[in-house]
Amino acid sequence: MHIALTGATGFLGSRLLVQFLRRGAEVTVLARPRPRGAGERLATVLAASGAPGSLLDRLHRRVHVVEADMSLPRLGLSPVHFQELADRADAVWHCAGDIRLNADLAGLRAVNVHGIRQMLAFTAAGRRVPRFHHVSTAFVAGARREGTAYEHELTDAHGFENAYEQSKYEAELLVHAWARQQHRPAVIFRPSILVGDRPPHPDVPGHPLQYIGEVARSAREAAAAGGLELPPGERPLVRIAGRADGHLNLLPVDWAAEAMVRLAERCPGTDVSTFHVVHPRDTPMAVLVRLLERLFPVRLELQDADVAVSDATELERTADFYPGFTPYLRHRRRFDDTAARRLLGPLPPPPDVDLPYLVAGTDPAAHDAARPRTSR
Ligand SMILES: NC(=O)c1ccc[n+]([C@@H]2O[C@H](COP(=O)([O-])OP(=O)(O)OC[C@H]3O[C@@H](n4cnc5c(N)ncnc54)[C@H](OP(=O)(O)O)[C@@H]3O)[C@@H](O)[C@H]2O)c1
């Protein structure tokens, strides 16, 4: 089996690559050459994510790294090279994406929409008629904050919390249009928010909550540099819009990668098949609030409505831990994953994403504390 994979240098794609190597596949990795060579970055990411030596060995023998950019026509490849690579693939997995929740739509479309067009053209060109696998997100469900989102739904009727969600929604529409025009099957995976319990590492791409941890560290350093440190023990109150009874679906990334590859193996694939790849138990908002309170020296209070502007303190007016993410504090939506569960079979459930798990994955200082490892 020869797989063409994008996004392999990323948080999720590196785990998908591990799954493919474990199964003995040959992989063509399509990756950007910057900031260092893609091959060198791949080896660093895999080693730092804890991949065993035997897999690193396979990386050198079974993985062909091709420098390619999703935002360029034909991925920046010559027509001949593009065709040659397309002809090698038995399956195409498109995992590259721009995941900035605070970016504008034009910037996100360059990778998330233009990139998928390039990869669909690549898949259509391949003479082995490869199946297209697209990594979307459960958050294409948009700004509907309550109720249940189903795998068959794809609508913009509720609007979107941020431009990232919209760009991923537009990408899914393109997959459906392509499948109809080409009479080809495709598989769409919609993972929820992916997390890990390994500490942040400078050479390894992080997850969204690690990004919030970085924001907190920079804010603390800037405050210290400006002589604005709070006296020890003093934690100002920050009221922020959110639901104390809310919950979010957070899923360990290694489990997500294994589930996706299993689903692909078991999916009969005659049409477009869409799977929610989600944790069976949501993480309560109270756990996220406690995590944020560990990362930032504040006391957080979630309020049902926006804090009235006249009443808001200076800190509350500027507090936005990660623009684009903060609206999720108002969510209590569930994701139905009936189709995924039906196919997955007896895969052991993922570990609970509780406070110790999240602290281990976001706070390097806390990591030395003895805690059993749950992710591989
Ligand atoms: N993280 C989550 O919580 C989450 C949840 C649901 C769905 N997803 C989806 O999962 C996919 C992977 O996310 P992730 O968390 O692994 O993100 P990530 O760590 O930021 O990785 C993104 C990957 O995309 C590649 N990429 C970005 N722009 C590119 C371009 N112009 N050309 C070629 N490659 C490009 C990156 O390459 P470089 O190494 O060169 O930057 C990297 O390999 C995305 O499609 C995302 O929408 C993520």
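Both counts, for ligands and for their atoms, begin at 1 and track the order of listing.
For the residue pair Thr123 and Pro130, the shortest heavy atom distance occurs at CG2-O, 3.5 Å. In terms of heavy-atom proximity, Ile3 sits nearest to Ala25 at CD1-CB, 3.9 Å.
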Legend entry - Trace of the ring pair (Phe, Tyr, Trp, His ring centres under 6.0 Å) decision for Tyr211 with Phe325: CA-CA 11 Å; Tyr211 179 78; Phe325 182 84; 10.0 Å; no
Inset, instruction - Begin with the C-alpha distance, continue with both residues' side-chain angles, and end with the deciding distance and a verdict on side chain to side chain donor-acceptor pair (under 3.5 Å) for His152 and Thr274. - result: CA-CA 7 Å; His152 66 267; Thr274 303; over 6 Å; no
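Atom numbering of ligand 1 starts at 1 in the shown order; those under 4.0 Å from a heavy atom of Ile193 are 3 (O). Near Gly97, meaning under 4.0 Å from one of its heavy atoms, ligand 1 places the atoms 22 (C), 24 (O), 27 (C), 45 (O). Close contacts of ligand 1 with Ser192, meaning ligand atoms under 4.0 Å from a residue heavy atom, involve 5 (C), 6 (C). Those atoms of ligand 1 that come under 4.0 Å of a heavy atom in Phe11, given as number and element, are 15 (O), 16 (O), 18 (P), 19 (O).
Considering backbone and side-chain N/O of Thr9, one or more are found under 3.5 Å from N/O of ligand 1. Annotation: Leu194 places an N or O atom under 3.5 Å from an N or O atom of ligand 1; distance criterion only. Considering backbone and side-chain N/O of Leu12, one or more are found under 3.5 Å from N/O of ligand 1. Close N/O approach between Ile99 and ligand 1 is not found [any backbone or side-chain N/O within under 3.5 Å]. Remark: ligand 1 and Gly10 share an N or O pair separated by less than 3.5 Å (distance only, no angle test). At under 3.5 Å, not a single nitrogen or oxygen of Pro205, backbone or side chain, sits near a nitrogen or oxygen of ligand 1. Not one N or O of Ala31 is nearer than 3.5 Å to an N or O of ligand 1, by distance alone. An N or O contact shorter than 3.5 Å links Gly7 to ligand 1 by distance. Checked against a 3.5 angstrom limit, the closest N/O atoms of Asp98 and ligand 1 fall outside it.
Just one of Glu151, Arg341, Arg334 meets the side-chain contact (heavy atoms from CB on, under 4.5 Å) condition when paired with His276; it is Glu151.
Of the listed options Ala8, Ser14, Cys95, Cys95 places a heavy atom closest to atom 12 (C) of ligand 1.
Put simply, part of Asp69 is less than 4.0 Å from ligand 1, judged by heavy atoms. Using a 4.0 angstrom heavy-atom cutoff, Ser136 counts as in contact with ligand 1. The shell of residues lying under 4.0 angstrom from ligand 1, judged by heavy atoms, excludes Arg190. Under the 4.0 angstrom criterion for non-hydrogen atoms, Tyr164 is in contact with ligand 1. Not a single heavy atom of Ala38 sits less than 4.0 Å from an atom of ligand 1. Proximity of Lys168 to ligand 1 is established by a heavy-atom distance of less than 4.0 Å.
The proximity of Val135 to ligand 1, defined as any non-hydrogen pair under 4.0 Å, involves the side chain as well as the backbone. With a 4.0 Å cut-off on non-hydrogen atoms, Arg41 touches ligand 1 through its side chain and not its backbone.
Linking Ile, Leu, Val, Met, Phe, Trp and Tyr residues whenever their side-chain heavy atoms come within less than 4.5 Å leaves Ile188 and Tyr164 in two separate clusters. Put simply, Phe296 and Leu300 are part of the same group of oily side chains (I, L, V, M, F, W, Y) that touch within less than 4.5 Å, one to the next.
When the shell of 6.0 Å around CZ of Arg290 is examined, it contains 12 or fewer heavy atoms from other residues, nucleotides or ligands.
For Arg145 and Glu161, the salt-bridge test passes: some basic side-chain N is under 4.0 Å from an acidic carboxylate O.
A ring-centre distance under 6.0 Å is not found for Phe132 and Trp93.
If you chain together ILVMFWY residues whose side-chain heavy atoms come under 4.5 Å of each other, Leu154 ends up grouped with Val140, Phe160, Tyr169, Leu173.
A donor-acceptor pair is defined here as one N or O able to donate and one able to accept, closer than 3.5 Å; no such pair exists between the side chain of Gln182 and the backbone of Ala179.
With contacts defined as side-chain heavy-atom distances shorter than 4.5 Å, the pair Leu12/Met260 qualifies.
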